[in-house]
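Written below as structure tokens is the structure these notes are about.
Labels below follow one simple rule: chain letters A, B, ... track the order of the sequence lines, proteins then strands, and each chain is numbered from 1.
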Number of protein chains: 2
Amino acid sequence: MAQTVASSSEKKLSFREQQHQFRENAILDTVNRLLAQKGYDLMTMDEVAAEVGIAKASLYKHFESKESLAAASMTRFIEEALAMARGLSPHMGALEKLKSVVRWAVRIHLSGTMPSLPSTRSSIQHALLSHQPYVQRLEELTEILGEWIGQAQQTGELSPALPGEVVLYTIYARSCDPVADFLKGGGAFSDDDIVELLVHTCFEGMAKAPSCL
Amino acid sequence: MAQTVASSSEKKLSFREQQHQFRENAILDTVNRLLAQKGYDLMTMDEVAAEVGIAKASLYKHFESKESLAAASMTRFIEEALAMARGLSPHMGALEKLKSVVRWAVRIHLSGTMPSLPSTRSSIQHALLSHQPYVQRLEELTEILGEWIGQAQQTGELSPALPGEVVLYTIYARSCDPVADFLKGGGAFSDDDIVELLVHTCFEGMAKAPSCL
DNA sequence: GTCTATAAACCGATAGAC
DNA sequence: GTCTATCGGTTTATAGAC
């Protein structure tokens with residue numbers, strides 16, 4: 001009996017916690033979209049609250065500040081990237097893994113739900129680097145990518161003469177490349193085309209013919 | 001006599017106009033730097049006035065709004081790019097001309113005086129496209145680059161299978177690529193190294209060894 | 001044209017009732 | 001936890017004296 005009550009109480013608590021998590025995920029979904037559309041500085045807390053369908057004060061019960069809200073959004077995104085990277089088949093070559101990561105990121109970017117901060121210029125960049133959960137996951141991802149970069153350089157799939165940091169930063173930057181937005185705005189290409197074109201120019205440059213199209 | 005007076009009057013007017021132009025150029029220099037450092041949304045008119053050394057109200061005697069100020073800054077920058085492109089030796093190959101443009105832009109980017117708006121996300125992007133002087137010059141530059149791209153594709157220096165828009169957008173995007181900021185922040189490379197690394201990955205990709213380093 | 005002072009709007013964050 | 005109402009600060013832009 002006592003066990004049943006305890007179990008029931010546990011279930012109820014777990015259910016509330018689940019609802020809490022569900023609500024927070026809904027908030028973060030909205031934040032991801034708004035960050036993708038307008039960026040951090042132009043996104044307002046009023047707007048987030050209105051789109052989620054709650055009052056602004058309620059938003060502050062979940063996240064203590066605008067900065068921590070954006071940091072949570074970015075952290076969740078990196079977690080998804082980590083899960084994606086770790087889920088890649090171990091039979092893939094290192095270069096193919098790296099391309100898969102860029103493909104995945106560009107596709108999310110094109111769907112309008114990548115909470116990327118475009119550059120060093122955003123006011124949140126500094127706050128993010130003080131947000132331990134974000135930094136930690138970013139380091140994990142960097143370590144995974146760094147390993148693959150080293151492997152691809154050993155096999156010659158990537159030039160060993162190219163500093164690893166250059167490859168890493170380039171991969172990160174191509175994942176939220178404005179070229180994708182421009183091409184999408186032009187309307188001449190499908191999302192799949194844009195993904196392949198971007199991955200091609202990123203790794204093969206512009207002298208070699210793309211395998212797609 | 002009348003001529004002398006007229007001439008003197010003309011000279012005085014011209015001098016005042018020159019001073020006016022000089023002041024406006026000083027303002028635009030400051031704006032370029034602030035736009036490069038913080039971007040449009042985070043740049044404030046108070047800040048611009050303070051750094052120029054004039055009162056904010058005086059700023060509004062030169063430019064009627066923050067939007068028109070940023071638009072003037074961007075327009076002047078495109079004019080410099082046009083002058084640079086038109087000044088390239090006619091003996092250069094088309095590909096070498098394109099690379100020279102990217103080299104020039106990345107160098108300015110690294111110097112911290114490129115008034116680039118990082119992406120589609122800035123609130124000024126829409127206003128810029130309604131600013132006729134800017135749009136016109138951007139079209140002129142696009143036409144020049146488009147011609148070179150076509151030539152480079154005919155000689156096979158660039159892949160003819162790659163859509164021209166992809167090449168054009170890529171060149172524009174690499175000119176203010178955040179990779180340059182990351183590498184500069186890392187401190188391991190000189191500005192010249194960064195320029196060559198970026199130009200190399202842009203045109204040759206990451207499989208081929210860079211000619212520099 | 002340059003200044004000081006201020007208007008008008010917006011935004012992040014909080015108080016306090018329920 | 002959710003709401004309404006509001007505070008405090010910042011920003012763009014302008015009024016008016018000089």
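Distance, A:Met45 CE to D:dA5 P: 20 Å, rounded to whole Å. The distance from atom NZ of B:Lys56 to atom P of C:dT6 is 14 Å, rounded to the nearest whole Å. The distance from atom CZ of B:Phe63 to atom P of C:dG1 is 12 Å, rounded to the nearest whole Å. Taking atom CD of residue B:Glu47 and atom C1' of nucleotide D:dA13, one finds them 17 Å apart after rounding to whole Å. To the nearest angstrom, P of C:dC11 lies 12 Å from CG of B:Asp41. In this structure, A:Leu59 places its CG atom 15 Å from P of C:dC11, rounding to the nearest Å. For B:Tyr40 and D:dT11, the OH to C1' distance is 11 Å, given to the nearest whole Å. Protein atom CG of A:Leu42 is 19 Å distant from nucleotide atom P of C:dA9, rounded to whole Å.
Between D:dC3 and A:Ser58, a contact under 4.0 Å exists linking OP1 or OP2 to a side-chain N or O. Close to D:dT11, at under 4.0 Å from its OP1 or OP2, lies no side-chain N or O of B:Thr44. Proximity of B:Arg23 to the phosphate of C:dT2: a side-chain N or O atom is located under 4.0 Å from OP1 or OP2. Look at A:Tyr60 and you'll find a side-chain N or O under 4.0 angstrom from OP1 or OP2 of C:dA13. Within the 4.0 Å cut-off from OP1 or OP2 of C:dG12, at least one side-chain nitrogen or oxygen of A:Lys66 is found.
For the pair A:Lys184 and A:Phe189, the NZ or CZ position fails the cation-pi test of under 6.0 Å to the six-membered ring centre and within 45 degrees of the ring normal. The side-chain tip of A:Lys66 points at the ring of A:Tyr40 from less than 6.0 angstrom away and within 45° of straight on.
With distances taken from any side-chain atom of A:Lys61 to the nucleotides C:dT14, D:dT2, D:dG1, the minimum falls on D:dT2. For B:Ile54, the listed nucleotide lying nearest its side chain is C:dC3; candidates were D:dC3, C:dA13, C:dC3. When each of D:dT2, D:dA13, D:dT4 is scored by its nearest atom to the side-chain atoms of A:His62, the top-ranked nucleotide is D:dT2. In this structure, the nucleotide among C:dC11, D:dA13, D:dC3 sitting nearest to the side chain of A:Asp46 is C:dC11. Listed nucleotides C:dT14, C:dT4, C:dG12 differ in distance to B:Ala55; the shortest reach to its side chain belongs to C:dT4.
Ion pairing between a basic and an acidic side chain is recognised when a charged N comes within 4.0 Å of a carboxylate O; B:Arg76 and B:Asp29 show such pairing. Ionic pairing of A:Glu147 and A:Lys97 is not present here: no N-O contact between side-chain nitrogen and carboxylate oxygen is shorter than 4.0 angstrom.
Comparing B:Ala57 and A:Ser65, the nucleotide of DNA chain C nearest to each residue sits closer to the 5' end for B:Ala57.
The side chain to side chain donor-acceptor pair (under 3.5 Å) with B:His20 is formed by just one residue from the set B:Gln18, B:Glu24, B:Arg23; it is B:Glu24.
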